[in-house]
Amino acid sequence: MDKHHREIIQNHKDILSEIPLDEILSLAEDFKIFTNAMLEDIKQDKTIFYDELCTRGPFAFGLFLHILKITQCGDLAAILEKESTLKKLSPFYYGVNSVNKGLCLIIINEIFDDKKKNRKGSKVDASRLKYLFESLHFDVETEWNKETEQIESILKEFAVNPRLRNVDSCIVYILTHGDRFNNRDYIIGTNEVKLFVDEIYTMFNNQNCPLLKGKPKMFFIQACRGPKEDYGVKTDNSKPQKEELESASLSSTDAVGFLNAEISENILYPTMSDMVIVHSTLPSYKSRKNHDTGSWLCDDLVNVISNHYKNYDLLTMLTFVCSRMQDRVSVDQTKQTIHVETFGLTGLIHFNRKASKLKDI
């Protein structure tokens with residue numbers, strides 16, 4: 001019997017001691033909850049019944065509740081059962097506390113075959129991200145201006161890097177153009193060929209990336225996810241301040257705007273786990289960046305993590321990023337909201353805390 005169930009029985013011993021044990025003891029013998037020796041001891045001294053019950057195996061508590069229900073003690077069984085479902089848990093923290101917390105891969109596309117799609121401000125993002133993650137003791141690798149086939153190759157090679165065996169986590173940060181087709185996000189390389197984002201996650205699932213099994217994998221996708229603009233909802237105090245507006249000549253989006261090719265629908269999605277995915281914008285919407293200060297997501301993310309990583313976990317800090325981004329508005333009065341997804345995340349990611357196990361408190 002686990003600790004939580006033992007505590008429930010001990011906490012209700014006064015009430016339980018008032019129950020006539022003859023019929024309960026007989027059923028306990030039928031269900032083989034106790035050994036023969038235990039039964040003989042209990043028959044001689046019934047006050048030890050519940051102490052002995054607490055020493056039994058993992059099914060003893062459930063069997064005891066079943067016995068209570070069939071011996072006209074259903075109300076008491078309901079009370080004990082309800083408490084058993086209210087188990088208090090302490091949070092689990094992934095271990096992201098070694099000297100080298102992990103590997104970080106940054107892929108930035110700034111120059112495209114179609115010069116009109118060049119992404120000004122990329123160098124600002126690259127410099128700030130590299131400084132941030134290196135200060136957090138990640139080993140950072142930056143890849144510039146790659147065609148789609150090269151991006152795919154770099155990601156696959158990164159997912160099987162033998163160094164992942166000895167690190168706590170990994171980060172993949174991709175900054176490029178993107179869009180959406182058949183409810184699937186895709187990014188493009190400098191040659192404007194599509195790479196679907198879900199295929200990237202598949203490269204890092206537990207089958208294809210076993211060295212990161214049970215370790216947090218963080219993905220940041222700075223790219224448009226469609227053509228929509230978010231013009232927000234007007235309120236009494238929604239008039240933007242002058243300093244919040246971006247200069248029209250110094251801002252742009254990561255939209256792509258070219259025809260979609262036919263895509264096969266026959267795609268398998270293996271089980272994912274321990275993944276956090278941060279999109280710079282919502283599905284079907286554009287993503288903003290400033291040519292001087294970089295992308296909105298990168299700017300706020302770097303500021304928040306730099307100032308708060310010692311005290312807060314990643315998901316909490318992302319709520320801070322969301323809050324900061326709500327104060328932003330472009331010169332054409334558009335807004336932007338980040339989108340956070342988790343795949344099989346079982347704990348909190350804290351860059352300044354040792355791992356802990358899920359346990360009773």
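Keep in mind it's a predicted model, so treat the numbers as computed, not measured. In this chain, numbering begins with 1 at the start of the sequence shown.
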Participant: Start with the C-alpha gap between T190 and N145, add the side-chain angles, then the distance that decides, and say whether side chain to side chain donor-acceptor pair (under 3.5 Å) holds.
Facilitator: CA-CA 6 Å; T190 57; N145 299 321; over 6 Å; no
Participant: A cation-pi test, strictly: NZ or CZ of K194 under 6.0 Å from the centre of the six-membered ring of Y186 and no more than 45 degrees from its axis. Yes or no?
Facilitator: yes
Participant: First locate atom CD of E110, then atom NZ of K120, and finally report the distance between them rounded to the nearest 0.5 Å.
Facilitator: 10.0 Å
Participant: When rounded to the nearest 0.5 angstrom, what distance separates CD1 in I42 from CD in E40?
Facilitator: 10.0 Å
Participant: Which heavy atom in D179 sits nearest to a heavy atom in P227, and how many Å separate them?
Facilitator: OD1-CD, 4.3 Å
Participant: Which of parallel (below 30°), tilted (30 to 60°) and perpendicular (above 60°) describes F49 and F64?
Facilitator: tilted
Participant: Would you check if R56 and L63 make a side-chain contact, meaning some heavy-atom pair closer than 4.5 Å?
Facilitator: no
Participant: Distance only, no hydrogens: is a donor on one side chain within 3.5 Å (strictly under) of an acceptor on the other, for H279 and E341?
Facilitator: yes
Participant: If we only count heavy atoms from C-beta on, is the T346 to S273 side-chain gap below 4.5 Å?
Facilitator: no
Participant: Would you call T55 and M38 a side-chain contact if the rule is heavy atoms closer than 4.5 Å?
Facilitator: yes
Participant: For a side chain to side chain contact (heavy atoms under 4.5 Å, CB included) check, start with the C-alpha distance between T281 and K286, then their side-chain angles and the critical distance, and finish with the verdict.
Facilitator: CA-CA 7 Å; T281 190; K286 291 182 179 180; 6.0 Å; no
Participant: Looking at residues at least two apart in the chain, or sitting in another chain, which of them share a side chain to side chain contact (heavy atoms under 4.5 Å, CB included) with N36?
Facilitator: L39
Participant: Could you measure the distance from the CG atom of N205 to the OH atom of Y201? Nearest 0.5 Å is fine.
Facilitator: 13.5 Å
Participant: Please check if the distance between the ring centroids of F31 and H66 is under 6.0 Å.
Facilitator: yes
Participant: Counting C-beta onward and ignoring hydrogens, is there a side-chain heavy-atom pair between D51 and Q10 closer than 4.5 Å?
Facilitator: yes
Participant: Measure up the F351 and F138 rings against each other and bin them: parallel (under 30°), tilted (30 to 60°), perpendicular (over 60°).
Facilitator: perpendicular
Participant: Do other residues, nucleotides or ligands put more than 12 heavy atoms under 6.0 Å from D113 CG?
Facilitator: yes
Participant: Please report the closest heavy-atom contact between E229 and T334, naming both atoms and the distance.
Facilitator: OE1-CG2, 3.4 Å
Participant: Which heavy atom of D114 sits nearest to which heavy atom of E192, and what is that distance?
Facilitator: CB-OE2, 2.9 Å
Participant: Kindly compute the distance separating CZ (F204) from NZ (K215), expressed to the nearest 0.5 Å.
Facilitator: 13.5 Å
Participant: When rounded to the nearest 0.5 angstrom, what is the spacing between CD1 in I174 and NZ in K146?
Facilitator: 13.5 Å
Participant: More than 12 non-hydrogen atoms from neighbouring residues, nucleotides or ligands closer than 6.0 Å to OH on Y312, yes or no?
Facilitator: no
Participant: Compare every heavy atom of L212 with every heavy atom of S169, then report the nearest pair and how far apart it is.
Facilitator: C-CD2, 4.5 Å
Participant: Just by distance, no angles: are the side chains of D274 and Y94 close enough, under 3.5 Å, to form a donor-acceptor pair?
Facilitator: yes
Participant: Which atom pair, heavy atoms only, marks the closest approach of R180 to R225?
Facilitator: CB-O, 3.1 Å
Participant: When you measure from the centre of the six-membered ring of W144, is the NZ or CZ of K123 closer than 6.0 Å and no more than 45° off the axis?
Facilitator: yes
Participant: Where do L211 and P162 come nearest, in terms of heavy atoms and distance?
Facilitator: CD1-CA, 3.9 Å
Participant: Picking from D300, L301, V304, what satisfies side-chain contact (heavy atoms from CB on, under 4.5 Å) with L318?
Facilitator: L301
Participant: Are the side chains of L105 and L155 in contact, using a 4.5 Å heavy-atom criterion?
Facilitator: yes
Participant: Can you tell me how far apart OG (S153) and CD (E143) are? Round to the nearest 0.5 Å.
Facilitator: 9.5 Å
Participant: Do D30 and L27 touch side chain to side chain, with heavy atoms closer than 4.5 Å?
Facilitator: yes
Participant: Any idea how F220 and F133 line up, ring-wise: parallel (<30°), tilted (30 to 60°), or perpendicular (>60°)?
Facilitator: tilted
